Protein chains: 2
Amino acid sequence: MPDLAICAKESDSIIMDNFPFSLRTLNLKVTPKRLAILAILMEETVYLSPEEIWGKMKRRFKRIGLPTVYRNLEELSEGNIISKVNHPNRKLYYYLCKNQSHHHHFICLSCRKVEDINFCAAKKINKEVKTKLKGKVISHILQVNGLCKTCSKKSDI
Amino acid sequence: MPDLAICAKESDSIIMDNFPFSLRTLNLKVTPKRLAILAILMEETVYLSPEEIWGKMKRRFKRIGLPTVYRNLEELSEGNIISKVNHPNRKLYYYLCKNQSHHHHFICLSCRKVEDINFCAAKKINKEVKTKLKGKVISHILQVNGLCKTCSKKSDI
DNA sequence: GTATAAATAGAAATGATTTCTATTTAATAT
DNA sequence: ATATTAAATAGAAATCATTTCTATTTATAC
């Protein structure tokens with residue numbers, strides 16, 4: 001995995017080799033910090049808080065503000081490049097999903113690992129809402145909270 | 001629907017006629033304010049914010065603190081007497097569900113009405129997590145956000 | 001290069017939610 | 001009934017994640 005931050009000045013195509021989505025189509029400029037945030041998330045298998053991402057950013061950038069991290073995470077999330085995790089503790093976490101098809105997440109409340117659930121009730125939900133409630137679905141949240149294989153074996157949780 | 005607040009000094013059975021659950025089994029005392037919060041939610045078909053509930057409480061009680069409302073809502077929610085609504089705006093809302101069987105909610109982002117979705121993916125989810133991920137499900141959130149029949153007809157949304 | 005619109009830093013503000021302590025009250029035992 | 005005690009509450013204050021603000025910097029298009 002190349003250091004994407006140092007690619008910032010190069011052509012978009014290099015970036016696109018690694019990210020199957022385009023910042024340009026979202027009208028987002030390709031900045032070193034934006035790429036670094038993506039790179040950090042690409043390398044992770046767990047969801048991270050904005051503050052944790054900021055901590056990692058500070059290792060690379062002398063000057064990096066927490067609002068920058070928040071702003072970028074929100075923009076990337078709105079562009080469906082990364083996903084928000086609705087943690088029961090009410091804090092926001094973010095995760096870059098490598099699986100492009102629509103699916104849902106199983107999040108481990110202990111180690112924070114995110115695993116894909118290849119199951120989606122969207123069709124049934126849309127049908128139910130359309131036929132019975134005559135309403136219009138804008139979004140649906142399906143998130144499964146629990147303990148992953150490893151964590152469920154530990155007794156101290 | 002009787003004024004439950006004035007029943008506070010009476011026997012629990014009167015209260016239980018109206019609420020198909022017991023505060024006692026949750027080790028919660030039957031206080032006038034707790035009952036009033038329940039009564040407010042019982043009368044509503046939309047989800048309310050803690051502050052809105054506080055506003056209604058102030059009509060009846062000269063002295064009522066917002067932390068009391070928050071504390072009660074959290075306790076009642078933990079006891080599964082009321083449900084939390086995960087609004088996209090990240091604020092907490094509460095709703096007293098009259099339907100006792102497990103189901104999910106369709107929430108209208110415009111008028112806040114809550115409607116039941118008689119569909120639950122729990123079985124499939126549990127099977128998926130158990131067999132494929134070898135993990136343990138603690139909870140699942142399925143919430144459908146959208147516009148209800150009435151609101152989806154309005155053009156100004 | 002130059003223009004310009006977007007992105008950023010850093011400080012400050014926001015605001016929902018929680019904590020704290022003294023006081024009051026409901027539940028229980030007498 | 002009354003005393004006891006553990007829970008609930010008021011009100012003020014604190015917390016803290018998140019957002020806003022303004023001046024400065026930077027990516028991008030020309």
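What you see is a predicted model, and the numbers here were worked out from it, not measured in a lab. Convention: sequence-line order gives letters A, B, ...; per-chain numbering from 1.
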Listed pairs, N/O of protein and of nucleotides 13-15 of chain D, under 3.5 Å:
none

Pairs under 3.5 Å (N/O, protein and nucleotides 5-9 of chain D):
| unit_1 | atom_1 | unit_2 | atom_2 | d |
| --- | --- | --- | --- | --- |
| D:dA6 | N3 | B:K29 | NZ | 3.4 |
| D:dA7 | O4' | B:K29 | NZ | 3.1 |
| D:dA8 | OP1 | B:K29 | N | 3.4 |
| D:dA8 | OP1 | B:R34 | NH1 | 3.0 |
| D:dA8 | OP1 | B:R34 | NH2 | 3.4 |
| D:dT9 | OP1 | B:T31 | OG1 | 2.9 |
| D:dT9 | OP2 | B:R71 | NH1 | 2.9 |
| D:dT9 | OP2 | B:N72 | ND2 | 3.0 |
| D:dT9 | O3' | B:K33 | NZ | 2.9 |

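A residue-by-residue look at B:Y70 and A:K62 shows that A:K62 has its nearest nucleotide of DNA chain C further toward the 5' end.
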Output side-chain donor-acceptor pairs under 3.5 Å for residues 142-151 of chain A, partner residues at least two apart or in another chain, one line each.
| unit_1 | atom_1 | unit_2 | atom_2 | d |
| --- | --- | --- | --- | --- |
| A:Q143 | OE1 | A:N86 | N | 3.1 |
| A:Q143 | NE2 | A:N86 | O | 2.8 |
| A:Q143 | NE2 | A:N145 | OD1 | 2.9 |
| A:N145 | ND2 | B:S139 | OG | 3.0 |

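When all heavy atoms are compared, the tightest approach of B:L92 to B:P50 is O-CD, 3.3 Å. Heavy atoms only, all atoms of each residue included: A:L41 and A:K98 are closest at O-NZ, 3.6 Å. The two atoms that bring B:Y95 and B:V46 nearest to each other are CD1-O, 3.9 Å, heavy atoms only.
Computed from coordinates, the B:H87 NE2 to C:dG15 P distance equals 17 Å when rounded to whole Å. Atoms CG (A:L26) and P (D:dT28) sit 14 Å apart, rounded to a whole Å. Rounding to whole angstrom units, NZ of residue A:K58 and C1' of C:dG10 are separated by 13 Å. Atom-to-atom, CD of B:E74 to P of C:dT18 comes out at 7 Å; the value is rounded to the nearest Å. Look at CD1 on B:I53: it is 14 Å from C1' on C:dA16, rounded to the nearest Å. Nucleotide C:dA16 holds its P atom 11 Å from the CD atom of B:E52, rounded to whole Å. Taking atom CG on A:L66 and atom P on C:dA9, their separation rounds to 10 Å, with Å as the unit. In this structure, A:K91 atom NZ and D:dT18 atom P are separated by 8 Å, rounded to whole Å.
For the helix from C:dG1-D:dC30 to C:dT30-D:dA1, the end axes, each set by the C1' atoms of five terminal pairs, are bent relative to each other by 50° (nearest 10°).
Nearest to the side-chain atoms of B:L92 among the listed nucleotides D:dT19, C:dA27, C:dT17 stands C:dT17.
Taking 4.5 Å as the limit, some side-chain heavy atom of B:E75 sits within range of a side-chain heavy atom of B:R71.
Grouping the Ile, Leu, Val, Met, Phe, Trp and Tyr side chains by contacts below 4.5 angstrom, directly or via other members, places B:I37 with B:L66. Follow the hydrophobic side-chain contacts under 4.5 Å out from A:I138 and you never reach A:I125; the two are in separate clusters.
Residues satisfying the ring pair (Phe, Tyr, Trp, His ring centres under 6.0 Å) criterion with A:Y93, sequence neighbours excluded, are A:Y47, A:H87.
Within the structure, ring-ring contact (aromatic ring centres under 6.0 Å, His included) contacts touching residues 106-138 of chain A (residues at least two apart or in different chains) do not occur.
Here B:E44 pairs with B:K56 in a salt bridge; the nearest charged N to carboxylate O distance falls below 4.0 Å.
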Evaluation steps, salt bridge (Lys or Arg N to Asp or Glu O under 4.0 Å), between A:R112 and A:E52: CA-CA 13 Å; A:R112 301 175 164 200; A:E52 286 167 332; 2.6 Å; yes

